[in-house]
Amino acid sequence: MVICDDHAILRRGIRDTLTEAPDICVTAEASGYSELREVLRTATCDVLLLDLNMPGRSGLEVLASLRETHSTIKVLVVSMYPEDQYALRCLKAGAQGYANKAGDPVVLIDAVRVIMQGRKYLTAEVAQMLAESLSQPVVEVPHESLSERELQTLLKIASGKRLTDIAEELMLSPKTVSVYRARVLEKLQLSNNAELTVYAIRNQLV
């Protein structure tokens, strides 16, 4: 398998955990999408462990690209974001599983094994959410209409970051980030960053 995470320390910790399993072999690591593309040219990869939040292209954007270029690779998304907000979004985008970085590292081993068996890796919480989404009318909350970039912009603003900081992290121009911010304000019918922050907190996005 291949690990794609922009945090070197976390990447090393994940690798050390996975290599404890005799049936799992980490063949390569990447810190972002451009590096991942190069790695996949030569490395054997049955399962990709993909960080959701990375500079440049986000995890969901990478997922969309992989479906076109490496459709046989199974993807386990990992993130610090709460399952109730992001797991279903990742599964709908084509991931085979979603695991929280803050959870027990041993869970990653179980998740990889489940995915290699051709099954989806679902925690009990995510399975419950899926069941409820099938049995209940879907009530769409405003932020579900946001694109991945718009959602990223919302989260970073709610975390107190300035547009210039966000632009640097996402490898975009401040003008582009400003456009995303304007779209978010329009779609959520809000007026300023303070209201965006309150919205994110109320909806447990941060």
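None of the values given here were measured: they were computed from a predicted structure. The figures here come from the full heavy-atom set of this structure, side chains too, leaving out hydrogens, waters and symmetry mates.
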Item to check | Interatomic spacing from CG in Leu151 to OH in Tyr180 - rounded to 0.5 Å | outcome: 12.5 Å
Checklist entry - Would Val126 end up clustered with Ile115 when hydrophobic side chains under 4.5 Å apart are linked, directly or stepwise? => result no
Checklist entry - What heavy-atom pair brings Leu63 and Gly94 nearest, and what distance separates the two atoms? => result CD2-C, 4.2 Å
Checklist entry - Is the number of heavy atoms from other residues, nucleotides or ligands within 6.0 Å of CD (Glu195) greater than 12? => result yes
Checklist entry - Mind checking whether Leu10 and Ile3 sit in one hydrophobic cluster, side chains of I, L, V, M, F, W, Y counted as touching below 4.5 Å? => result no
Checklist entry - Are the side chains of Tyr121 and Val107 in touch, meaning some heavy atoms are under 4.5 Å apart? => result yes
Item to check | Any Ser31 side-chain heavy atom under 4.5 Å of Arg11 side chain | outcome: yes
Checklist entry - Which of these passes side chain to side chain donor-acceptor pair (under 3.5 Å) with Arg181: Asn192, Thr176, Asn193? => result Asn193
Next on the checklist: Taking Asn100's backbone N and O only, do any of them form a donor-acceptor pair with Ser79's side chain (distance below 3.5 Å, no angle check)?
Outcome noted: no
Next on the checklist: Would you say that more than 12 heavy atoms from the other residues, nucleotides or ligands in this model lie under 6.0 Å from the CZ of Arg162, or not?
Outcome noted: no
Checklist entry - Yes or no on side chain to side chain contact (heavy atoms under 4.5 Å, CB included) for Leu50 and Val78, after CA distance, side-chain angles and deciding distance? => result CA-CA 6 Å; Leu50 178 66; Val78 294; over 6 Å; no
Checklist entry - Any side-chain heavy-atom pair from Ile24 and Met1 closer than 4.5 angstrom? => result yes
Item to check | Interatomic distance, Arg183 atom CZ to Ser145 atom OG [nearest 0.5 angstrom] | outcome: 12.0 Å
Checklist entry - With hydrophobic residues grouped by side-chain heavy-atom distances under 4.5 Å, do Leu108 and Val114 end up in a single group? => result yes
Checklist entry - In Å, rounded to the nearest 0.5 Å, how long is the span from CD1 of Ile166 to CD of Glu168? => result 11.5 Å
Item to check | Carboxylate-amine/guanidinium proximity below 4.0 Å for Arg41 and Glu38 | outcome: yes
Checklist entry - Once you round to the nearest 0.5 Å, how far does CG of Leu155 lie from CD of Glu150? => result 12.0 Å
Next on the checklist: Please determine whether salt bridge (Lys or Arg N to Asp or Glu O under 4.0 Å) holds for the pair Lys161 and Glu169, giving the CA-CA distance in whole Å, both sets of side-chain angles, and the decisive distance to 0.1 Å.
Outcome noted: CA-CA 10 Å; Lys161 294 183 178 178; Glu169 288 188 17; 2.7 Å; yes
Checklist entry - Donor-acceptor pair, Gln96 side chain versus Val75 backbone, under 3.5 Å? => result yes
Checklist entry - Is it true that Asp23 and Arg113 make a salt bridge, defined as a side-chain N closer than 4.0 Å to a carboxylate O? => result yes
Next on the checklist: Is it the case that atom NE2 in His70 sees more than 12 heavy atoms from other parts of the structure closer than 6.0 Å?
Outcome noted: yes
Checklist entry - For Ala95, does its backbone N or O pair with a side-chain atom of Lys120 as donor and acceptor, under 3.5 Å? => result yes
Next on the checklist: Assess whether a salt bridge exists between Asp51 and Lys101, defined as any Lys/Arg side-chain N lying under 4.0 Å from an Asp/Glu carboxylate O.
Outcome noted: yes
Next on the checklist: If we ignore hydrogens and angles and just use 3.5 Å, is the side chain of Tyr199 paired with the main-chain N or O of Leu190 as donor and acceptor?
Outcome noted: no
Checklist entry - Is the backbone of Gly13 close enough, under 3.5 Å, to the side chain of Thr17 for a donor and an acceptor to pair up by distance? => result yes
Item to check | Close side-chain approach of Thr69 to Leu40, heavy-atom, < 4.5 Å | outcome: no
Checklist outcome for this item: Residues Thr44 and Val2: closest non-hydrogen pair is O-CG2, 4.2 Å
Checklist entry - Minimum heavy-atom separation for Leu48 to Cys4, with atom names? => result CD1-CB, 4.1 Å
Checklist outcome for this item: Scanning both residues in full, the closest heavy-atom pair of Ala158 with Ala200 reads CB-CB, 3.5 Å
Checklist entry - Counting only heavy atoms not in Gln117, do more than 12 fall under 6.0 Å of its CD? => result yes
Checklist entry - From Lys74 NZ over to Met116 CE, what is the distance, rounded to the nearest 0.5 angstrom? => result 5.5 Å
Item to check | Nearest-0.5 Å distance that lies between atom CG in Leu66 and atom CG in Leu36 | outcome: 6.0 Å
Checklist entry - Among the clusters formed by ILVMFWY side chains lying less than 4.5 Å apart, do Leu196 and Ile201 turn up in the same one? => result yes
